[in-house]
Amino acid sequence: MSLPDRKEAEVRRLLAQRTAEPVPADLAERALADGARLLRRRRILLTALWAGVLAGLLALGVWSLTARPWSEPPPTTTSPAVGW
C-alpha cells in the first residue's frame, strides 16, 4: 500500500469509528454573539488606529509650522575674517 492510500485508509477508519457528538442547542446564538463581539473589537481598533494616524499628522503639521525645518539654520560659527 502506498503512502497516500495508507493515509486515506487511516482517515476512513477513524471516521467510521467515530460517533457523532450532540451539538449544543444555543450554538448558533453563541456564534452570532462571538462574531458581533469580534466585529465590534475590530471596528474599535481601526477607529483608534485612524485616530492615532490623524493625531500624528496633526502633530507633524504643527511642528513643521512652528520649527520651519525647511529654512536654513542660523550659522553657528562666525564668518571668515577677510581683509585683515
Side-chain angles (χ1 to χ4, degrees):
M1 200 181 265
S2 67
L3 184 61
D5 291 337
R6 194 172 351 145
K7 286 183 179 179
E8 184 178 346
E10 180 70 20
V11 168
R12 287 186 188 276
R13 185 182 62 79
L14 287 172
L15 289 174
Q17 290 178 354
R18 190 165 181 212
T19 60
E21 296 180 11
V23 177
D26 64 339
L27 182 64
E29 291 84 14
R30 290 191 327 209
L32 184 64
D34 288 345
R37 186 177 66 242
L38 286 174
L39 286 175
R40 193 168 39 251
R41 283 183 182 176
R42 182 179 294 166
R43 190 178 315 125
I44 289 170
L45 179 66
L46 283 175
T47 302
L49 179 68
W50 277 110
V53 167
L54 290 176
L57 287 174
L58 180 66
L60 180 67
V62 169
W63 171 78
S64 67
L65 287 175
T66 57
R68 297 182 182 238
W70 57 86
S71 65
E72 212 173 295
T76 55
T77 59
T78 57
S79 58
V82 181
W84 269 65

Which pairs of donor and acceptor atoms, one on a side chain in residues 44-54, lie under 3.5 Å apart (sequence neighbours left out)?
| unit_1 | atom_1 | unit_2 | atom_2 | d |
| --- | --- | --- | --- | --- |
| Thr47 | OG1 | Arg43 | O | 2.8 |

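- A salt bridge links Glu10 and Arg13; the closest N-O separation between the charged side-chain nitrogens and carboxylate oxygens is under 4.0 Å.
- Residue Trp63 is found in a hydrophobic cluster whose other members, listed by chain and number, are Leu60; membership requires side-chain heavy atoms under 4.5 Å apart, directly or through intermediates.
- Under the 4.5 angstrom side-chain criterion for Ile, Leu, Val, Met, Phe, Trp and Tyr, Leu65 has no cluster partners at all.
- Remark: Arg41 pairs with no residue by the salt bridge (charged side-chain N to carboxylate O under 4.0 Å, His left out) rule, at least two apart or across chains.
- Counting heavy atoms of neighbouring residues, nucleotides and ligands inside a 6.0 Å radius, atom CZ of Arg42 does not exceed 12 of them.
- For Arg12, the salt bridge (charged side-chain N to carboxylate O under 4.0 Å, His left out) partners are Glu8, not counting sequence neighbours.
- Residues Ser64 and Pro69 come closest through the heavy atom pair O-CD, 3.5 Å.
- Among residue pairs with one or both ends in residues 24-37, those qualifying as salt bridge (Lys or Arg N to Asp or Glu O under 4.0 Å) are Asp26-Arg30, Asp34-Arg37; sequence neighbours excluded.
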